[in-house]
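The next block holds one structure in the form of C-alpha cells; read it before the comments.
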Amino acid sequence: MQMKVNRRDSMKSLAALGAAGTLGGWSTLAQAQAKPITVGVIYVGPRDDYGYNQAHAMAAAEMKKLPGVKLVEEENVPETAAVQKTMTGMISQDGAKLLFPTSFGYFDPHILALAPKNPDVRFAHCGGLWSEGKPKNAGSFFGYIDECQYLNGVIAGHMSKSKKIGFIAAKPIPQVLRNINAFTLGARSVDPSITCAAIFTGDWSMPVKEAEATNSLADQGVDVFTMHVDGPKVIVETAAKRGKMVCGYHASQAKLAPNAYLTGAEWNWITAYKAILEAAQTGKPHPNFLRGGLKEGFVKMSAYGPMVPEAAKKQAEDIKAKMIAGSFDIFKGGLKDNKGVVVVPVGKSFKQTDVELEKMNYLVEGVAGAL
C-alpha cells in the first residue's frame with residue numbers, strides 16, 4: 001500500500017561550486033538576508049529506504065533546521081504525471097517557492113512542463129539533465145560519487161579472495177556507468193586480474209530482481225558486492241546471508257550487515273541543498289548546473305568495517321587525499337572498454353568537471369556485462 005507524508009502539518013554556474021564548498025556553516029550574512037521560504041522535497045520511494053531517498057531525507061531534515069525554512073515532503077511519488085500533481089499542490093496549496101524533485105525521471109517531461117508555468121518557483125533536480133536552453137528557474141545538482149566508488153573498488157580489491165566482484169545496477173545511464181567503471185578500475189588498481197560482473201535490473205527499485213541478481217552472482221563466485229539502485233537493503237542483506245562482503249551506496253547500510261559491510265559511497269546532499277537554498281533566500285540566480293565531489297563535500301565515505309586491514313585503508317586514504325588535492329584522475333589515458341576499444345587515448349586525462357564523462361556509454365575492460 002502506498003503511504004504518503006501529509007504535506008500540510010551551462011557551465012557558468014560551476015562557479016557556484018566554490019560557494020557551495022564554503023557553506024559548511026550558515027553564514028551570518030546569509031542568516032541576515034534569509035527570507036522565509038517554503039521548500040518542497042519529493043521522493044520516488046520511502047524516506048527510510050537505507051538508500052537514495054534516505055540520503056535526500058537526511059539532507060532535508062538538516063535543511064529544515066536552517067533560518068526561515070518551512071519544509072513540506074511527499075514520498076512514494078512515481079516518475080509519472082503524479083509528480084506534476086504533487087509539485088502543483090506544493091506550489092498552489094503550500095506556497096512552495098523552491099522544489100527538490102529528487103528522482104532522475106522527474107525532470108523530463110515533468111519539471112520541464114511545470115517550470116515555464118511557474119517562473120517564480122525554483123526547481124532543483126538531482127541528476128545530470130539540465131543544459132543550456134532549458135528553463136532558467138530549473139537546474140540540476142549532482143555529485144562525483146564515482147570517486148567514492150573507486151575507493152570502494154580499492155577496498156574490494158584488497159578483500160576479494162575469488163578475484164570476482166559484482167555490481168548490481170538499475171539502468172545503463174552515464175551516472176551508473178561511471179560508478180561501475182570506477183568501482184572496477186579501483187579494484188583492478190590493486191589486482192589487474194580482478195573482474196567485475198555487472199547486472200542491470202531495469203529499474204531503480206526491483207527488490208525481487210535485486211535478490212535474484214545477488215544470489216546469481218554469489219553462485220558464480222562473486223564475494224564483494226556494490227550497487228546503484230535506490231534501496232540497497234535487499235542486496236546488502238542477501239549478500240551478507242550468503243557470507244559475502246558489501247560496499248554500500250547512497251547512505252550507510254552498516255547497521256543492516258555489520259559483519260559484511262566494508263565501507264560505502266555516501267551522498268552528503270546538504271552541501272548542495274544549502275547552496276541552492278541560500279541563492280533562493282537571498283535572491284541570487286538559481287544554480288543551474290551544480291557539481292562537487294569529495295573536495296566540495298558533496299560525497300563522503302562510510303566508516304571502514306572492522307574486517308578491513310590497515311594496508312587497504314592506507315591505500316584508499318592515500319588516493320582519497322590525492323582526489324581532494326585534484327591530483328588523481330579516475331579516467332585516464334590508455335583506457336579500453338570491455339570490447340577492446342580505446343575509449344581514452346594515451347596522453348588524455350579527464351577531470352571530474354569534464355562534461356564528456358556525463359555522456360559515458362561504455363563499460364571498461366574487466367567488466368563482464370553488456371549495455
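Below, each value reflects all heavy atoms present in this structure, side chains not excepted, and no hydrogens, waters or symmetry copies.
- Thr271 places a side-chain N or O within 3.5 Å of a backbone atom of Gly297 that can act as its donor or acceptor partner.
- Linking ILVMFWY side-chain heavy atoms closer than 4.5 Å, directly or via other members, places Leu371 and Ile199 in a single hydrophobic cluster.
- Without hydrogens or angle criteria, Asp337 side chain to Val343 main chain gives no donor-acceptor distance under 3.5 Å.
- Without hydrogens or angle criteria, Asn181 side chain to Val364 main chain gives a donor-acceptor distance under 3.5 Å.
- Pairing each heavy atom of Ala197 with each of Leu217, the nearest pair is CB-CD2, 3.6 Å.
- Counting all heavy atoms, side chain and backbone alike, Ile194 lies closest to Gly157 at CD1-CA, 3.6 Å.
- Checked by atom type and distance alone, the side chain of Asn288 never pairs as donor or acceptor with a backbone atom of Ser140 at under 3.5 Å.
- The aromatic rings of Phe328 and Tyr150 lie perpendicular to each other, with more than 60° between the two planes, well past the 30° mark.
- Counting only distance, with no hydrogens or angles, the side chain of Ser162 and the backbone of Val222 share no donor-acceptor pair below 3.5 Å.
- Tyr50 and Met206 fall into different hydrophobic clusters, defined by Ile, Leu, Val, Met, Phe, Trp and Tyr side-chain heavy atoms under 4.5 Å apart, directly or through other members.
- At least one side-chain heavy atom of Glu317 sits under 4.5 Å from a side-chain heavy atom of Lys320.
- Using a 4.5 Å heavy-atom threshold, the side chains of Lys244 and Phe225 count as touching.
- Checking each of Gln54, Glu73, Glu74 against Arg47 for a side chain to side chain donor-acceptor pair (under 3.5 Å) leaves exactly one that passes, namely Glu73.
- Between the side chain of His250 and the backbone N or O of Ala265, no donor-acceptor pair lies under 3.5 Å.
- Atoms OG1 and CG, on Thr226 and Leu262 in that order, are 9.5 Å from each other to the nearest 0.5 Å.
- For the 3.5 Å distance criterion, the side chains of Ser349 and Asp329 qualify, holding a donor opposite an acceptor.
- Here the closest heavy-atom approach between residue Arg122 and residue Pro285 is recorded as NH1-C, 3.7 Å.
- With respect to Lys233 and Asp49, no salt bridge is recorded, no charged nitrogen being found less than 4.0 Å from a carboxylate O.
- In this structure, the side chains of Val229 and Ser205 stay at 4.5 Å or more apart for every pair of heavy atoms.
- Closest non-hydrogen pair, Leu290 versus Ala272, comes out as CD2-O, 4.1 Å.
- Counting heavy-atom neighbours within 6.0 Å of Lys241 NZ, excluding the residue itself, gives a total of 12 or less.
- No salt bridge links Asp223 with Lys164; every basic N to acidic carboxylate O contact stays at or beyond 4.0 Å.
- Annotation: salt bridge (charged side-chain N to carboxylate O under 4.0 Å, His left out) contacts of Glu365 (sequence neighbours excluded): none.
- Remark: the Gln220 side chain and the Ser216 side chain contain an N/O donor-acceptor pair separated by less than 3.5 Å.
- Using a 4.0 Å cut-off between charged nitrogen and carboxylate oxygen, Lys322 and Asp318 do not count as a salt-bridge pair.
- The hydrophobic clustering, which links ILVMFWY residues whose side-chain heavy atoms are closer than 4.5 Å, places Met58 and Val39 apart.
- Between the side chain of Tyr52 and the backbone N or O of Thr102 there is at least one donor-acceptor pair closer than 3.5 Å.
- Note: Tyr249 and His228 meet the aromatic proximity criterion, with ring centroids under 6.0 Å apart.
- Screening Tyr106, Trp269, Phe107 against Cys126 for a side-chain contact (heavy atoms from CB on, under 4.5 Å) leaves a single residue, Trp269.
- The stretch residues 197-207 participates, sequence neighbours left out, in these salt bridge (charged side-chain N to carboxylate O under 4.0 Å, His left out) pairs: Lys171-Asp203.
- Closest heavy-atom contact between Ala169 and Val176: CB-CG1, 3.6 Å.
- In terms of modelled atom types and a separation under 3.5 Å, the side chain of Asn53 and the main chain of Val44 share a donor-acceptor contact.
- Looking at heavy atoms from C-beta onward, His56 lies in side-chain contact with Tyr43 at the 4.5 angstrom threshold.
- The nearest pair of heavy atoms linking Val121 to Asn137 is O-ND2, 2.9 Å.
- Looking only at atom types and distance, the side chain of Ser131 has a donor-acceptor partner in the side chain of Lys134 under 3.5 Å away.
- Remark: the backbone N or O of Gly293 is paired with a side-chain donor or acceptor of Glu296 at under 3.5 angstrom.
- Note that the CD1 atom of Ile324 and the CG atom of Leu294 stand 5.5 Å from one another [nearest 0.5 Å].
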Legend entry - side-chain contact (heavy atoms from CB on, under 4.5 Å) between Ile235 and Val246, intermediate numbers included: CA-CA 9 Å; Ile235 298 167; Val246 182; 5.7 Å; no
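- Remark: Lys313 engages Glu310 in a salt bridge, criterion side-chain N to carboxylate O under 4.0 Å.
- No chain of hydrophobic side-chain contacts below 4.5 Å, direct or via other Ile, Leu, Val, Met, Phe, Trp or Tyr residues, connects Tyr261 to Met159.
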